[in-house]
Amino acid sequence: MTTVSKGTAVVTGASTGIGAVYADRLARRGYDLILVARNRERLDALASRLSKQTDRSVEVLAADLGSKAGVRQIEALLRSDARITLLVNNAGVGATAPLLQSDVDKMEEMIDLNVTALTRLTYAAVPGFVERGGGTVINIASIVGFRPEILNGVYGATKAYVVGFSQSLLHELADKNIRIQAVCPGAIATEFWPIAGTPVDAFPPELVMTAEDLVDAALAGLDQNEFVTVPSLEDANDWHAFEAARQNLSMDKISRREPARRFNVGEVVAA
């Protein structure tokens, strides 16, 4: 059992599923925990189990990150608690219905949680990490972050934001000793699916990973200094090729004074 603390990890959406597994694994790695979710009863039960099994300090905060008040509560914690060394932005919600069958108000709520809350919590945590000389941000994205046509488009767009935001953090904080990881799961066997509108058993079993395997793979990716971790991707070179193609779109190719010649803009047509 690890006795030396690695600091305190804040895990959002921690009461069940991926967040609860992160809490378990991080406690066993030597982190004290602050667990955030709406369901206080589930949080208390998880905290009691983990504190007994790991001897780590486990605190709980019941907060709704879909509300401004809940976000402000956790922002204040992240700004003020110098024990915090790791933030897992896991809280989120999904959808599977296409645009014509979706409620736009629900889509806005999804953006508030998946994008706005994640952004504000990261902004609250990172300055303290920099001041203290290091820290880690793990953002839970999705494979739909780069394949948004698979599910609901707004959900895919929120996860594309998470990947893009994480890429910007990696670039901006490169010399600050801050580790950034974007985790991109496929289908995971959690309560996400019935809430999103599609039961998980609608997928072939060979496409569905357990939350335990997902988190173990993601943490192994973190140990290997991966920036983007796709737990199901067998050959990491596939991602490297994808990223290389993106990087090949350099500024001198995509931002120029004249339109590309292929558009024939400005050519004089003879009378």
Side-chain angles (χ1 to χ4, degrees), residues 2 4-14 18-36 54 56 74-75 77-92 114-115 117-143 145-146 159-185 211 213-233 236-237 239-240 242-244 246-247:
T2 303
V4 178
S5 176
K6 294 183 178 179
T8 297
V10 175
V11 183
T12 68
I18 293 169
V21 178
Y22 261 106
D24 179 275
R25 300 305 196 257
L26 291 172
R28 297 180 192 281
R29 284 177 168 234
Y31 287 91
D32 296 320
L33 300 173
I34 300 175
L35 307 180
V36 179
T54 67
R56 304 297 343 157
I74 307 308
E75 282 183 283
L77 165 75
L78 291 166
R79 290 195 183 101
S80 63
D81 195 333
R83 300 172 300 166
I84 297 169
T85 57
L86 189 154
L87 169 64
V88 181
N89 277 315
N90 168 67
N114 293 7
V115 172
L118 178 144
T119 302
R120 295 194 67 96
L121 296 191
T122 303
Y123 266 65
V126 166
F129 290 170
V130 172
E131 182 179 349
R132 295 190 292 273
T136 302
V137 178
I138 299 173
N139 290 327
I140 306 303
S142 169
I143 60 168
F146 49 89
K159 293 305 183 177
Y161 173 89
V162 174
V163 175
F165 179 54
S166 300
Q167 286 170 326
S168 73
L169 294 173
L170 183 72
H171 173 72
E172 292 181 18
L173 302 172
D175 62 347
K176 305 297 185 185
N177 194 34
I178 309 296
R179 290 195 298 175
I180 305 296
Q181 183 191 32
V183 179
C184 296
D213 283 348
L214 160 66
V215 175
D216 288 340
L219 289 172
L222 184 69
D223 292 341
Q224 295 170 25
N225 294 316
E226 286 192 348
F227 160 57
V228 170
T229 296
V230 184
S232 296
L233 188 63
N237 288 324
W239 177 263
H240 298 326
F242 179 88
E243 177 62 11
R246 187 184 72 85
Q247 292 285 353

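From a predicted model like this one, the values you see are computed outputs, not experimental measurements.
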Separation between NE2 (H240) and CG (L233), nearest 0.5 Å, reads 9.0 Å
Worksheet item: Just by modelled atom types, is the E75 backbone N or O under 3.5 Å from a matching donor or acceptor in the R120 side chain?
Response: no
Minimal heavy-atom distance between T12 and A91, with the atoms involved, is OG1-N, 2.9 Å
* Should Q181 and T229 be marked as a side chain to side chain contact (heavy atoms under 4.5 Å, CB included) after you check the CA-CA gap, both sets of side-chain angles, and the distance that decides it? -> CA-CA 7 Å; Q181 183 191 32; T229 296; 2.9 Å; yes
### Message
Below 30° counts as parallel, above 60° as perpendicular, anything between as tilted: where do the rings of Y123 and F165 land?
### Response
parallel
Nearest heavy-atom approach of L121 to L87 is O-CD2, 3.8 Å
Minimal heavy-atom distance between E172 and D175, with the atoms involved, is O-OD1, 4.3 Å
dist L169:CG -> I180:CD1 (nearest 0.5 Å) comes out at 4.5 Å
Tested for side chain to side chain contact (heavy atoms under 4.5 Å, CB included) against V162, the lone hit among V115, N139, T119 is N139
Those residues at least two apart in sequence (or on a different chain) that pass salt bridge (charged side-chain N to carboxylate O under 4.0 Å, His left out) with D32 are R56
Discussion item. Measuring only between side-chain heavy atoms, which start at C-beta, is I84 closer than 4.5 Å to L77?
Written reply: yes
Between Y22 and V11, the two heavy atoms sitting closest are CB-CG1, 4.3 Å
*asked:* Quick one, L26 with L86, criterion side chain to side chain contact (heavy atoms under 4.5 Å, CB included). Give me CA distance, side-chain angles, the key distance, then yes/no.
replied: CA-CA 10 Å; L26 291 172; L86 189 154; 4.1 Å; yes
* To do: Report yes or no: does K159 contribute a side-chain atom to a donor-acceptor pair with the main-chain N or O of I140 at less than 3.5 Å?
  => yes
Q) Are side-chain heavy atoms of V21 and L214 found at a separation under 4.5 Å? A) no
Output for pair (F129 CZ, N177 CG), nearest 0.5 Å, gives 11.5 Å
Query raised in the report: Is V183 close to L222 at the side-chain level, that is, under 4.5 Å between some pair of heavy atoms?
Result: no
Heavy-atom nearest pair, I34 first then R83, reads CD1-NH2, 3.9 Å
- Query: With side chains defined as the heavy atoms from C-beta onward, is the minimum distance between T8 and D81 less than 4.5 Å?
  - Reply: no
Can L219 and R29 be said to form a side chain to side chain contact (heavy atoms under 4.5 Å, CB included), step by step? CA-CA 10 Å; L219 289 172; R29 284 177 168 234; 3.5 Å; yes
Steps toward side chain to side chain contact (heavy atoms under 4.5 Å, CB included) verdict (V137, R179):
CA-CA 6 Å; V137 178; R179 290 195 298 175; over 6 Å; no
Please check if the distance between the ring centroids of W239 and F227 is under 6.0 Å.
no
Rounded to the nearest 0.5 angstrom, the CZ-CD1 distance for R132 and I178 is 9.0 Å
Of all heavy-atom pairs linking A27 and L33, the shortest is CB-CD1, 3.8 Å
- prompt: Does any non-hydrogen side-chain atom of V228 lie less than 4.5 Å from one of C184?
  reply: yes
